[in-house]
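Inspection log for the structure reproduced underneath, given as structure tokens.
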Amino acid sequence: MSHHHHHHHEETSHECHCHEHHEQHHHEHEHGGVKKQLTLIVATTLLLLVAIFIEKHYELPLWQLLLIYLVPYLLIGHDTLKEAVEGVIAGDAFNEHFLMSVATTGALAIGFLPGAETEFPEAVFVMLFFQVGELFEGYAEGKSRASIAHLMDIRPDEAHVERSGKVESVSPDTVTIGEILVVKPGEKVPLDGVVVEGRSSLNTVALTGESAPRDVEEDDEVISGCINLTGVLKIRTTKSFGESTVSKILELVEHATENKSKSESFITRFARYYTPIVVFAALFIAFIPPLFSGSFGTAFPNWLYRALMFLIVSCPCALVISIPLTFFGGIGGASRQGILIKGSNYMDTLSKLNTVVFDKTGTLTHGQFVVEAVHPERCDERHLLHLAAHVEHYSTHPIAIVLRDAFPEAATDGCAVSDIEEVSGQGIRAIVGGQRVCVGNTKLMASEGAVWHDCHLSGTIIHVSIDGSYAGHIVINDAIKTDSLSAIESLKSLGVERVVMLTGDQEHVAAHVAHQLHIDEYHSELLPTDKASHVEKLLAECHANNRSLAFVGDGINDAPVLALSDVGIAMGGLGSDAAIEASDVVIMDDYPTKVSLAMKIARRTLGIAWENVIFAIGVKVAVLLLAVFGLGTLWMAVFADVGVTVLAVLNAIRALRMSH
């Protein structure tokens with residue numbers, strides 16, 4: 001499936017439709033939306049200059065002038081006006097669109113009052129600023145989405161089916177139940193089924209999060225989405241594509257996204273409080289003082305003029321451009337650190353995280369096996385590894401590969417190895433340098449008569465015997481990433497109260513990792529659906545206390561949970577496309593410390609946004625107070641608008657320079 005730049009997918013119904021997280025910016029995410037907006041901005045600017053020229057050089061009646069200015073005003077503002085009207089109809093009147101519409105309508109109207117200056121150009125300017133601000137933010141989010149589109153990997157988009165003696169490649173949704181699939185090593189299993197021929201081990205990490213490979217042979221069930229590692233398998237399908245595990249999980253994702261509570265972008269939240277204050281204050285100024293003035297009729301035009309003046313001054317010009325710029329900087333700065341944030345609204349949520357839930361495999365651990373410890377009896381560690389590597393020399397089993405990697409010299413030291421036999425479900429026997437060496441599990445030891453004992457470490461234990469007597473064991477584990485501990489410490493230092501680890505792995509493995517990473521709360525042996533229900537429970541607790549939750553994971557099995565949580569963070573490099581699709585933040589590399597870095601960047605960005613809000617409103621209030629006492633001059637009002645805007649923009653640019 002091709003993934004276009006923006007996620008407008010193909011016609012196939014099983015695609016995952018988890019985009020359009022943002023209603024508020026939908027008009028910019030259309031393909032080429034940025035181009036369209038740029039064109040509008042340029043055209044409006046030119047028309048505005050023409051209008052100003054006409055006003056300066058020709059004495060036109062007011063209503064004709066208004067018509068001339070309405071052209072650029074409506075060109076740039078029609079979207080905003082439309083959204084304002086829609087908001088009022090939907091009962092959500094006090095949004096940023098309504099604020100802009102009221103202020104600019106006031107500016108257009110004020111010129112018609114006796115003795116008032118016209119403010120036509122100002123009305124157009126404000127709308128223009130608003131769109132430029134939106135453009136910046138849309139561009140930053142678009143860029144971050146585009147980089148995400150590049151990370152996509154491919155779902156099983158073809159199945160190899162045996163039909164009348166030939167193997168054909170077909171689309172998985174055309175395969176019927178009971179057909180025979182051929183899956184070669186390295187390919188994904190496209191549909192659920194049962195093995196009829198061949199044996200192999202499967203990597204199920206994408207589905208279950210289990211880092212240990214699963215061995216399958218004839219009559220074993222296989223689920224779609226696993227990657228076949230070693231042998232060719234013939235599989236008889238038991239479910240159609242729509243009913244298969246992969247499709248089911250993708251469906252879960254879609255439903256999770258529908259239930260997700262949308263966090264609002266900063267300017268929307270701000271407008272929700274600011275707009276009603278401004279609108280009611282203006283109404284108050286227009287109607288209340290004239291009631292007490294003795295003659296309502298003569299005083300009203302005067303106070304209406306002041307009310308409109310107040311509306312114009314309180315229009316948050318400076319904020320309209322500087323806040324989107326701040327987020328543009330924040331999103332850009334984060335992406336330079338390898339953190340892609342899909343929208344400015346997630347910055348808000350990131351800055352006040354209270355609970356962070358980690359998936360274990362591939363997030364806190366590498367998701368790949370390494371030899372963690374060697375416990376020999378009767379020989380040294382080198383010798384034990386040496387024997388194991390030789391015995392496993394020809395095996396393609398994942399554990400064999402780990403043992404070979406642990407002792408690469410075995411490939412060239414010329415030891416004689418003969419009589420290799422794989423004992424199904426137990427391990428391998430071979431003659432190495434004249435001794436009979438067995439490498440495998442406890443069943444193999446028992447059949448050799450070797451007295452084995454268990455290890456105090458948790459993980460996959462590989463036992464070794466020489467000539468029937470026990471020689472020790474090798475512990476293989478999913479290695480914890482070097483920065484996992486510091487990642488969790490730094491989250492706690494940022495004020496995250498709960499860090500929770502979820503995993504499909506066994507209890508003892510989970511306990512071991514949780515202990516090493518100082519994680520207070522963990523749940524193990526979970527299926528993908530269990531994960532979702534655990535996170536739902538945690539989410540409910542968070543939302544009850546007005547807090548937010550982030551989930552960090554990779555793999556298809558995490559996609560539903562990523563989509564559910566307030567902020568879904570996908571660990572990039574190895575993440576599956578379903579996970580990247582469902583998440584709100586993608587970490588390009590595999591360092592869990594980037595989660596706390598993302599929080600720091602978000603806090604810093606919001607800090608700058610608040611500085612701008614307080615500064616801009618502070619100056620405006622000061623100018624308004626002076627105006628009330630008759631001390632305000634026009635140039636002060638101009639500074640309150642233009643000067644503040646320039647300073648706020650300069651402050652916003654600081655957000656771009658995101659250092660650690």
Side-chain angles (χ1 to χ4, degrees), residues 201-205 208-217 360-361 364-392 395 397-407 410 421-430 432 435-480 484 501 503-519 522-526:
S201 55
L202 301 176
N203 168 350
T204 62
V205 102
T208 58
E210 272 283 4
S211 42
R214 269 196 25 215
D215 293 332
V216 292
E217 45 190 65
K360 179 183 83 72
T361 311
L364 294 170
T365 63
H366 282 294
Q368 289 155 343
F369 279 155
V370 291
V371 169
E372 192 179 88
V374 182
H375 296 154
E377 328 232 322
R378 312 186 324 156
C379 63
D380 64 0
E381 294 191 7
R382 265 186 74 80
H383 190 59
L384 200 60
L385 279 173
H386 164 102
L387 291 174
H390 272 300
V391 171
E392 302 282 357
S395 171
H397 194 282
I399 285 177
I401 296 166
V402 175
L403 291 172
R404 285 208 302 273
D405 289 348
F407 198 87
E421 73 174 297
E422 293 211 20
V423 185
S424 171
Q426 295 186 9
I428 302 183
R429 279 197 192 98
V432 181
Q435 295 176 305
R436 188 171 83 235
V437 182
C438 293
V439 181
N441 58 17
T442 51
K443 285 190 198 140
L444 186 62
M445 293 298 106
S447 69
E448 279 289 300
V451 186
W452 55 274
H453 59 85
D454 226 350
C455 187
H456 61 281
L457 291 176
S458 69
T460 305
I461 315 288
I462 307 294
H463 297 276
V464 180
S465 72
I466 302 174
D467 287 336
S469 62
Y470 193 54
H473 51 245
I474 298 166
V475 184
I476 291 181
N477 239 336
D478 185 359
I480 293 176
S484 288
M501 181 179 87
T503 178
D505 271 345
Q506 290 143 12
E507 167 63 30
H508 67 102
V509 179
H512 173 66
V513 174
H515 176 71
Q516 282 189 291
L517 295 179
H518 306 183
I519 293 179
Y522 69 91
H523 304 280
S524 58
E525 302 184 21
L526 303 174

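Hydrogens, waters and symmetry mates play no part in the numbers below; they use all other heavy atoms, side chains included. In this chain, numbering begins with 1 at the start of the sequence shown.
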Legend entry - Non-hydrogen side-chain atoms of Ser524 and Thr503 separated by less than 4.5 Å: yes
Legend entry - Identified side chain to side chain contact (heavy atoms under 4.5 Å, CB included) counterpart of Val374 within the set His383, Glu381, Arg382: Glu381
Legend entry - Residues, nucleotides or ligands: over 12 heavy atoms within 6.0 Å of His508 NE2: yes
Legend entry - side-chain contact (heavy atoms from CB on, under 4.5 Å) between Ile462 and Val402, intermediate numbers included: CA-CA 11 Å; Ile462 307 294; Val402 175; over 6 Å; no
Legend entry - Minimum heavy-atom distance Met501-Ala510, with the two atoms named: CE-O, 3.5 Å
Legend entry - Flag side-chain contact, heavy atom, 4.5 Å: His397 against Ile428: no
Legend entry - 4.5 Å side-chain heavy-atom contact, Val513 and Asp505: no
Legend entry - NZ-CG distance between Lys360 and Leu517, expressed to the nearest 0.5 angstrom: 10.0 Å
Inset, instruction - Any chance you could measure Ser395, atom OG, to Arg404, atom CZ, to the nearest 0.5 Å? - result: 7.0 Å
Legend entry - His390/His386 aromatic ring centres below 6.0 Å: yes
Inset, instruction - Drop me the distance from Leu403's CG to Leu385's CG, to the nearest 0.5 angstrom. - result: 7.5 Å
Legend entry - Check: Glu507 main-chain N/O paired with Glu525 side-chain donor or acceptor under 3.5 Å: yes
Legend entry - Rounded distance (nearest 0.5 Å) linking atom SG of Cys379 with atom CG of Leu387: 6.5 Å
Legend entry - Taking every non-hydrogen atom, the tightest pair across Asp478 and Phe369: N-CD2, 3.8 Å
Inset, instruction - Working to the nearest 0.5 Å, report the span between CD1 of Ile476 and CG of Leu457. - result: 12.5 Å
Could you go through residues 467-474 and list every donor-acceptor pair under 3.5 Å that involves a side-chain atom there, pairing it with any protein atom two or more places apart or in another chain?
from: Asp467; atom 1: OD1; to: Arg436; atom 2: N; distance (Å): 2.8
from: Ser469; atom 1: OG; to: Arg378; atom 2: NH1; distance (Å): 3.1
from: Ser469; atom 1: OG; to: Arg378; atom 2: NH2; distance (Å): 3.3
from: Ser469; atom 1: OG; to: Ile466; atom 2: O; distance (Å): 3.2
from: Tyr470; atom 1: OH; to: His463; atom 2: ND1; distance (Å): 2.6
from: Tyr470; atom 1: OH; to: His473; atom 2: ND1; distance (Å): 2.8
from: His473; atom 1: NE2; to: His375; atom 2: ND1; distance (Å): 3.3

Legend entry - Partner residues of Glu217 under the salt bridge (Lys or Arg N to Asp or Glu O under 4.0 Å) criterion, sequence neighbours left out: Arg199
What side-chain donor-acceptor pairs closer than 3.5 Å can you find for residues 438-445, not counting sequence neighbours?
from: Asn441; atom 1: OD1; to: Lys443; atom 2: N; distance (Å): 3.2
from: Asn441; atom 1: OD1; to: Leu444; atom 2: N; distance (Å): 3.3
from: Asn441; atom 1: ND2; to: Gly425; atom 2: O; distance (Å): 3.0

Inset, instruction - Quick one: pull up OH in Tyr522 and NE2 in His515 and give me the separation to the nearest 0.5 Å. - result: 11.0 Å
Legend entry - Pair Glu421 + Arg429: basic N to acidic O under 4.0 Å: yes
